[in-house]
Amino acid sequence: MVVPLHGGAPYIGRSPGLGDDLGFVPVDQHTLQSRARPNVFAIGDATALPASKAGSVAHFEGEVLVNNIRRYLADAPLDASFDGHTSCFIETGFGKALLIDFNYDTEPLHGRYPGPVGLPLLRESRLNHFGKRAFQWLYWNSLLSGRDLPGIGSAMPWRGKTRQSV
Ligand SMILES: Cc1cc2nc3c(=O)[nH]c(=O)nc-3n(C[C@H](O)[C@H](O)[C@H](O)COP(=O)(O)OP(=O)(O)OC[C@H]3O[C@@H](n4cnc5c(N)ncnc54)[C@H](O)[C@@H]3O)c2cc1C
């Protein structure tokens with residue numbers, strides 16, 4: 001697999017000190033506050049965080065970001081709870097897919113995803129492929145309209161996981 005060099009948006013470079021050499025925005029990895037300007041917060045692909053550049057990361061970061069903008073404006077201590085939570089379906093072909101769930105400190109674990117169906121983690125299955133297909137509906141009809149996914153929040157869930165890899 002070849003991944004070309006990635007970079008941030010060109011306008012980041014026009015704000016001295018805001019971005020790193022590649023144009024990504026260095027932020028505190030738990031509060032998402034810019035290291036250069038306290039009144040700037042960043043999420044998603046724009047950040048220089050050691051997290052995946054993935055839709056789930058941007059989504060989970062969003063909860064902490066909104067909370068912290070409110071707190072910053074109210075002069076309250078910031079919420080330092082973002083843990084790098086990432087969830088990804090990976091299509092593996094032949095009607096199967098993997099589902100992985102991890103954060104800054106924990107590699108993907110085996111077990112079951114703590115949703116209503118209990119999709120298998122770190123294991124190819126047809127159920128995960130259907131889960132990925134169903135997620136398209138969920139994305140457009142539930143996530144985009146701002147509804148929470150029950151039991152799945154910005155912090156990586158531990159329920160249903162086995163800590164020892166098999
Ligand atoms: C081919 C591909 C496949 C992917 N597949 C997956 C996947 O299966 N699962 C997954 O989790 N993630 C996937 N990703 C990653 C995911 O799409 C990104 O991580 C996610 O979209 C990042 O969200 P974001 O809001 O940070 O950035 P973006 O989604 O890039 O949003 C940034 C927005 O800012 C706008 N913008 C830029 N400059 C300006 C400006 N000057 N003024 C105003 N607006 C501006 C852009 O038009 C854009 O709409 C994939 C990415 C790619 C490219």
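All values reported here derive from a predicted model rather than from experimental measurement. Whatever order the structure lists them in is the order used to number ligands and atoms, beginning at 1.
Those atoms of ligand 1 that come under 4.0 Å of a heavy atom in Lys132, given as number and element, are 8 (O). Of all the atoms in ligand 1, the ones that sit under 4.0 Å from a non-hydrogen atom of Ser56 are 11 (O). The atoms of ligand 1 that sit less than 4.0 Å from any heavy atom of Lys53 are 15 (C), 19 (O). Residue-ligand proximity, Gly44 to ligand 1, at heavy-atom distances under 4.0 Å covers atoms 26 (O).
Among protein heavy atoms, atom 9 (N) of ligand 1 sits closest to Gly55 N, 4.7 Å.
The protein does not reach atom 34 (O) of ligand 1 closely, with no heavy atom under 4.0 angstrom from it. For atom 22 (C) of ligand 1, a protein non-hydrogen atom is found at a distance below 4.0 Å. Proximity of atom 15 (C) of ligand 1 to the protein is indicated by at least one non-hydrogen atom lying closer than 4.0 angstrom. Protein heavy atoms all stay at least 4.0 Å away from atom 50 (C) of ligand 1. Put simply, atom 41 (N) of ligand 1 has protein non-hydrogen atoms near it, under 4.0 Å away. Atom 28 (P) of ligand 1 is not flagged as protein-proximal [any protein heavy atom, distance under 4.0 Å].
A heavy-atom distance below 4.5 Å is not found between the side chains of Ile152 and Pro157. Residues Ser87 and Phe102 fail the side-chain proximity criterion, which asks for heavy atoms closer than 4.5 Å.
A single hydrophobic cluster is not seen to contain both Val2 and Leu5; linkage of ILVMFWY side chains at heavy-atom distances under 4.5 Å, directly or through other members, places them apart. Hydrophobic clustering of Ile, Leu, Val, Met, Phe, Trp and Tyr side chains at less than 4.5 Å, counting indirect connections, unites Leu138 with Phe60. Note: the hydrophobic cluster containing Leu119 does not contain Phe130 (ILVMFWY, side chain heavy atoms under 4.5 Å, direct or indirect links). Linking Ile, Leu, Val, Met, Phe, Trp and Tyr whenever their side-chain heavy atoms come within less than 4.5 Å leaves Val27 and Leu22 in two separate clusters.
Contacts with ligand 1 closer than 4.0 Å are made by side-chain heavy atoms of Tyr11 only, the backbone lying farther away.
Looking at ligand 1, you won't find any N or O of Ser87 less than 3.5 Å from one of its N or O atoms. Of the N or O atoms in Ala54, one or more lie within a sub-3.5 Å distance of an N or O in ligand 1. Polar contact with ligand 1: absent for Ala58 (N/O pair, distance under 3.5 Å).
Not counting sequence neighbours, Lys96 has no partner by the salt bridge (Lys or Arg N to Asp or Glu O under 4.0 Å) test. Listed by chain and number, the residues in a side chain to side chain contact (heavy atoms under 4.5 Å, CB included) with Lys132 are Phe89, Glu91 (sequence neighbours excluded).
Considering each of Asp45, Ile90, Ile12, Val57, the one bringing a non-hydrogen atom nearest atom 19 (O) of ligand 1 is Asp45.
Summarising the local packing, CG of Asp21 is surrounded by 12 or fewer heavy atoms from other residues, nucleotides or ligands at distances under 6.0 Å.
For Phe82 and His30, the ring centers are positioned 6.0 Å apart or more.
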